[in-house]
Amino acid sequence: MANKAGNIFHLFHNSFLVLLVILIPAMVQAQDTLRPIAKTMDTLIRPIPAPGTDTVGKKAQKAADSSRIALDAPPPHSPRKAALYSAVLPGLGQAYNREYWKMPLVYAALGTCTYFFVFNMSEYKTYRDAYRLRVDGNPDTHDEFEKTIQNPESLKVYRDYYRQNLDYSVLFFVLAYGLNIADATVFAHLRTFDMSDDLSIRISPTLINNRTLGIGVNILLGGKKSRSNSSFYAGR
C-alpha cells in the first residue's frame, strides 16, 4: 500500500514538473507579446485634443503673456547708470538710487570746497600782486599793504600760504566729486542685496572628511533675495 502511494506521489510530482516546463516558455512569450499592446493602450489613453482645438494659438498666447509680463516688470537697477548720472551731475546718482537725503550732503560738500577755492584764489591774487609791486624797485608804485606790512617777505609768506590753501581746495573738491560717484555706485550695488532678520547659527557635532569627529558651525545670512550659508569646522 505504501509503495502504491509513493508511486502515485512520484507520478504527480513528475507531471507537475513537466507542466511547469511547458507553461514557463509560454508565459514568457505571452509577456513579450503583450508589451506592444500595453504601449498601444498607453498611447490611446493619453488625451488627444478635440478636433478644432487651436493648440498653436494657445502656445502663442502663452508666449505673448510671458513677453507682456517681462515688459511690465521694472528694469533692473544699474550701478553703471548711477555712476554715469553722478559723473554728469553730482547728486543725480543718489536720486536714481532714491536716496534723496544724500543730495544736500553732496551739494554741501562741493559747495564748501568751491567757496574755499574762490576765497583762497582771491587772497592769493591780492598778496601776489602786492608782493610784485613791493619788489619791483619803482618808488612810484604802491600796494595796499605798505602801511600794515612793512617787510616784503611777509607778503611772500601770505602769498604762499593762500596758494597752498588753493591747492588743497582743488584736491578736496576732486575728492568730494569722486566720493559722490563712488557712493552712488556702491549703494546701487547694495540696493539688490537683502539683509533680512533671518539670522541663525547652529552648532552640532559632525564628521570631518568622514573620519574625524569635530564640531560644525552653520551660519545662515539673508532672506528671499540672497542667502548665504557659511560652515566652519573644528576638530582634531
Side-chain angles (χ1 to χ4, degrees), residues 60-131 155-203 216-234:
Q61 183 64 30
K62 289 182 180 179
D65 293 340
S66 301
S67 301
R68 188 179 300 107
I69 293 174
L71 291 175
D72 293 340
H77 202 76
S78 174
R80 182 177 299 178
K81 286 185 178 180
L84 179 61
Y85 292 160
S86 290
V88 173
L89 181 63
L92 190 58
Q94 282 73 17
Y96 174 72
N97 293 337
R98 296 184 180 179
E99 296 176 327
Y100 303 105
W101 62 274
K102 290 184 178 180
M103 298 178 65
L105 301 180
V106 172
Y107 285 110
L110 296 177
T112 302
C113 294
T114 303
Y115 167 77
F116 281 108
F117 173 82
V118 174
F119 173 77
N120 290 318
M121 175 64 76
S122 176
E123 295 297 315
Y124 165 71
K125 289 182 177 180
T126 300
Y127 285 98
R128 181 197 62 185
D129 296 339
Y131 178 73
L155 293 175
K156 183 180 179 182
V157 171
Y158 281 112
R159 182 202 65 181
D160 295 340
Y161 170 76
Y162 285 108
R163 183 171 61 184
Q164 184 180 24
N165 289 346
L166 180 65
D167 296 338
Y168 285 149
S169 300
V170 175
L171 177 62
F172 284 122
F173 182 88
V174 172
L175 289 178
Y177 201 96
L179 185 61
N180 149 67
I181 299 175
D183 173 83
T185 306
V186 170
F187 281 91
H189 277 289
L190 295 179
R191 188 173 178 82
T192 57
F193 181 80
D194 179 26
M195 179 60 73
S196 69
D197 297 332
D198 185 13
L199 305 178
S200 61
I201 180 172
R202 183 168 59 87
I203 302 176
V217 180
N218 293 327
I219 301 175
L220 300 179
L221 302 175
K224 296 181 180 179
K225 293 184 181 179
S226 63
R227 192 174 187 89
S228 176
N229 186 350
S230 301
S231 300
F232 303 93
Y233 302 99

Q. Restricting to pairs with a member in residues 93-105, which pass salt bridge (charged side-chain N to carboxylate O under 4.0 Å, His left out), not counting sequence neighbours?
A. Glu99-Lys102, Lys102-Asp183
Q) Between Phe117 and Phe173, is the gap from one ring center to the other below 6.0 Å? A) no
Q: Work out which heavy atom in Gly91 is nearest to a heavy atom in Met103; give both atom names and the distance.
A: O-CG, 3.5 Å
**Q.** Closest non-hydrogen atom pair between Pro79 and Ala188, with its separation
**A.** CA-CB, 3.6 Å
Q.
Suppose we screen for salt bridge (Lys or Arg N to Asp or Glu O under 4.0 Å). Which residues come up paired with Asp160, at least two apart in sequence or across chains?
A. Arg163
Q. Does some side-chain heavy atom of Tyr127 sit less than 4.5 Å from a side-chain heavy atom of Tyr131?
A. no
Q.
With heavy-atom distances below 4.5 Å as the criterion, would you say the side chains of Gln94 and Asn180 are in contact?
A. yes
Would you compute the distance between atom [atom1] of [X] and atom [atom2] of [Y] and round it to the nearest 0.5 angstrom?
X	Y	atom1	atom2	value
Ile181	Leu92	CD1	CG	11.5 Å
Asp129	Leu155	CG	CG	11.0 Å
Phe172	Phe116	CZ	CZ	10.5 Å
Leu171	Asn165	CG	CG	12.0 Å

Q: Over 60° means perpendicular and under 30° means parallel, so classify the ring planes of Tyr85 and Tyr96, tilted if in between.
A: perpendicular
Q.
Has Ser86 got a side-chain atom pairing as donor or acceptor with Gly93's backbone, closer than 3.5 angstrom?
A. yes
Q) Can you pull the side chain to side chain donor-acceptor pair (under 3.5 Å) pairs that have at least one residue in residues 104-126, sequence neighbours excluded? A) Asn120-Ser169
